[in-house]
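For clarity, every value in this text was computed on a predicted model and none was experimentally measured.
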Amino acid sequence: MRTVNLASGSKGNSTYFESNEAKILVDEGLTYTNIKERLSQIGVTPEEIDAILLTHEHTDHLGGIATFLKKNPHTKVYIPSFVQALYLSGIMALPQSQIEWYRTSDFFIKDVTVSCAILPHDSNFCVGYSLYFGGLKCSIATDLGEIKQEIIDFLAGSTILYLESNHDEHILMQNPKYPPVTKKRILGSHGHLSNTTCAYALCKLVPTGVKQVVLSHLSEENNTPVLAYTTVKRILGEHNIIEGKHVCVDVAFQSKVGTIFNL
């Protein structure tokens with residue numbers, strides 16, 4: 001399996017997964033020009049994409065899907081079936097013939113098995129995904145305000161894990177651009193994971209077999225890649241988990257394609 005983050009952050013998100021038979025995006029929140037360019041950097045064309053797995057309806061995850069589907073009529077977008085009852089305008093506007101409504105049990109995209117878990121976020125719905133192929137498990141969980149035990153159990157044993165590390169609490173609280181209501185939302189149980197919360201979750205996940213983590217959905221206002229990495233590394237070390245030995249930690253970026261992992 002090959003996987004790479006194409007963009008991560010409030011300006012657009014998309015992560016690419018490839019098995020022997022399937023080419024899959026998780027989310028597509030970029031312009032068509034942008035996603036085409038970033039796919040080209042890894043030797044893939046939009047026409048090759050079999051499926052898009054949608055995590056939730058916020059524009060930075062959904063915004064590019066309508067154009068992508070229009071230009072690539074063979075591509076399917078996978079959305080939880082319970083969302084049909086919500087009548088969300090951004091989703092109802094998508095080509096209905098290209099939507100695959102799935103139940104929350106496992107489903108298949110060619111040779112990939114996909115499972116999902118509900119994530120707590122301030123959206124009408126939000127899910128994380130695990131993709132299984134050839135004994136490997138690749139998981140992604142961003143846009144969640146807290147990480148309860150059932151989410152730990154869902155992500156456990158992932159070969160590679162894209163996990164939110166959105167903000168530094170101190171920087172967020174001191175940021176004059178953010179009103180108190182916004183700070184409260186971000187810090188709440190349906191907001192976003194901080195660097196610290198992400199790190200403590202990893203302290204539980206690494207012993208389950210997680211070997212590679214990509215810190216994701218970093219705030220450009222309230223975080224930096226260096227700060228996210230050093231905070232996570234420090235807290236892991238305090239729990240006798242050595243970065244580079246017990247687990248490798250990487251960081252996803254908003255403005256460029258991230259590290260390509262060939263698993």
Legend entry - Y16: ring-ring contact (aromatic ring centres under 6.0 Å, His included) partners, not counting sequence neighbours: none

Legend entry - Within-4.5 Å side-chain heavy-atom neighbours: L144 and C126: no

Legend entry - Distance (rounded to the nearest 0.5 Å) between S81 OG and R103 CZ: 5.0 Å

Inset, instruction - Could you tell me whether the side chain of N5 and the main chain of A7 form a donor-acceptor pair under 3.5 Å? - result: yes

Inset, instruction - Measure the shortest side-chain to side-chain distance between Y129 and S139 over non-hydrogen atoms and say whether it is less than 4.5 angstrom. - result: no

Legend entry - Salt-bridge criterion met for K76 and D50 (N-O under 4.0 Å): no

Inset, instruction - Give the cluster check for V232 versus I242: same hydrophobic cluster or not, with ILVMFWY residues linked at side-chain heavy-atom distances below 4.5 Å. - result: no

Inset, instruction - Consider only side-chain N and O atoms of N195 and S165, and report whether a donor and an acceptor are under 3.5 Å apart. - result: yes

Inset, instruction - May I have the step-by-step check of side-chain hydrogen bond (donor to acceptor under 3.5 Å, both in side chains) for T55 and D27, ending in yes or no? - result: CA-CA 6 Å; T55 61; D27 291 328; 2.8 Å; yes

Legend entry - Joint hydrophobic cluster, V247 plus L263, side-chain heavy atoms closer than 4.5 Å: no

Inset, instruction - Dump the intermediate steps for side-chain contact (heavy atoms from CB on, under 4.5 Å) on V214 and V251, then the final yes or no. - result: CA-CA 5 Å; V214 182; V251 182; 5.9 Å; no

Legend entry - Side-chain (E164) to main-chain (S216) donor-acceptor, under 3.5 angstrom: no

Legend entry - Backbone N/O of G64 and side chain of T67: donor-acceptor pair under 3.5 Å: no

Legend entry - Test item: T196 and T231 side chains (from C-beta on) under 4.5 Å apart, heavy atoms: yes

Inset, instruction - Report yes or no: do V114 and L119 belong to one cluster of Ile/Leu/Val/Met/Phe/Trp/Tyr joined by side chain heavy-atom distances under 4.5 Å? - result: no

Legend entry - Gap separating the CD1 atom of I42 from the NZ atom of K23, nearest 0.5 angstrom: 9.5 Å

Legend entry - Exam field: side chain N223 to backbone N166, donor-acceptor pair closer than 3.5 Å: yes

Inset, instruction - With side-chain contact (heavy atoms from CB on, under 4.5 Å) as the test, would you mind laying out the steps for V83 and L54 before giving the verdict? - result: CA-CA 11 Å; V83 175; L54 180 63; over 6 Å; no

Inset, instruction - Check the side chains of E48 and T45 for a donor-acceptor pair under 3.5 angstrom, ignoring hydrogens and angles. - result: yes

Inset, instruction - Determine whether H58 and H121 make a side-chain contact, defined as any pair of heavy atoms from C-beta on separated by less than 4.5 Å. - result: yes

Inset, instruction - Taking the side chain as every heavy atom from C-beta outward, state whether L187 and H167 have any pair of such atoms under 4.5 Å apart. - result: yes

Legend entry - Chi angles and distances behind the ring pair (Phe, Tyr, Trp, His ring centres under 6.0 Å) call for Y78, F107: CA-CA 10 Å; Y78 287 73; F107 60 96; 5.4 Å; yes

Inset, instruction - Check whether any side-chain N or O of K137 sits under 3.5 Å from a backbone N or O of L161 as a donor-acceptor pair, and report yes or no. - result: no

Inset, instruction - Look only at the side chain of Q96 and the backbone of M92, and say whether a donor-acceptor pair between them is shorter than 3.5 Å. - result: yes

Legend entry - Exercise: do Y162 and T3 side chains pair donor with acceptor under 3.5 Å: yes

Inset, instruction - Evaluate the side-chain proximity of T15 to L25: yes if any heavy-atom separation is below 4.5 Å, no if none is. - result: no

Inset, instruction - Before giving the answer on side-chain hydrogen bond (donor to acceptor under 3.5 Å, both in side chains), spell out for S19 and D111 the whole-Å C-alpha distance, their side-chain angles and the decisive distance to 0.1 Å. - result: CA-CA 7 Å; S19 64; D111 57 351; 2.5 Å; yes

Inset, instruction - Output yes when K71 and E47 qualify as a salt bridge under the 4.0 Å nitrogen-oxygen rule, no when they do not. - result: no

Legend entry - All side chain to side chain contact (heavy atoms under 4.5 Å, CB included) counterparts of A117, not counting sequence neighbours: F154

Inset, instruction - Rounded to the nearest 0.5 Å, what's the gap from CD1 on I52 to CG on L69? Could you check? - result: 5.0 Å

Inset, instruction - Kindly say whether G12 contributes a backbone atom to a donor-acceptor pair with the side chain of Q254 at under 3.5 angstrom? - result: yes

Inset, instruction - Measure the shortest side-chain to side-chain distance between D106 and Y132 over non-hydrogen atoms and say whether it is less than 4.5 angstrom. - result: no

Inset, instruction - State plainly whether one hydrophobic cluster holds both W101 and F108, where clusters connect Ile, Leu, Val, Met, Phe, Trp and Tyr through side-chain heavy atoms under 4.5 angstrom apart. - result: no

Inset, instruction - Indicate whether the side chain of D143 and that of H61 have a donor and an acceptor atom separated by less than 3.5 Å. - result: yes

Legend entry - Residues clustered with L227, ILVMFWY side-chain links under 4.5 angstrom: I171

Legend entry - Pair R2 + E18: basic N to acidic O under 4.0 Å: yes

Legend entry - Q84 side, atom CD; I99 side, atom CD1 - distance, nearest 0.5 Å: 8.0 Å

Legend entry - Whether E57 side chain and L88 backbone form a donor-acceptor pair below 3.5 Å: no

Inset, instruction - Identify whether V4 and V112 are in the same connected component of the hydrophobic contact network (ILVMFWY, side-chain heavy atoms under 4.5 Å). - result: yes

Inset, instruction - Please go through I235's hydrophobic cluster and name the other residues, only I, L, V, M, F, W, Y counting, with side-chain heavy atoms under 4.5 Å joining them. - result: Y200

Inset, instruction - Return yes if some donor-acceptor pair links the side-chain N/O of R38 with the main-chain N/O of L6 below 3.5 Å, else return no. - result: yes

Legend entry - Side-chain heavy-atom pair I49, L39 within 4.5 angstrom cut-off: yes

Legend entry - Residues D122 and R185 bridged, charged N to O under 4.0 Å: yes

Legend entry - Contact list for residues 23-46, test ring pair (Phe, Tyr, Trp, His ring centres under 6.0 Å), sequence neighbours left out: Y32-F68

Inset, instruction - Give the minimum heavy-atom separation between C198 and L215, together with the two atoms involved. - result: SG-CD2, 3.8 Å

Legend entry - NZ on K183 to CG on N222, rounded to 0.5 Å: 8.5 Å

Inset, instruction - Step by step, work out the side-chain contact (heavy atoms from CB on, under 4.5 Å) result for L155 and L163. - result: CA-CA 10 Å; L155 301 174; L163 184 62; 4.3 Å; yes

Legend entry - Chi angles and distances behind the side-chain contact (heavy atoms from CB on, under 4.5 Å) call for T224, D168: CA-CA 9 Å; T224 69; D168 175 87; over 6 Å; no

Legend entry - Straight-line distance of I35 CD1 to L30 CG, nearest 0.5 Å: 4.5 Å

Inset, instruction - Output yes when a side-chain donor or acceptor of N72 lies under 3.5 Å from a complementary backbone atom of H74, and no otherwise. - result: no

Legend entry - Exceeds 12 heavy-atom contacts within 6.0 angstrom, atom NZ of K204: no

Legend entry - Exercise: do N13 and D60 side chains pair donor with acceptor under 3.5 Å: yes

Inset, instruction - For K233, check side chain to side chain contact (heavy atoms under 4.5 Å, CB included) against everything at least two apart and list the hits. - result: Y229, E243

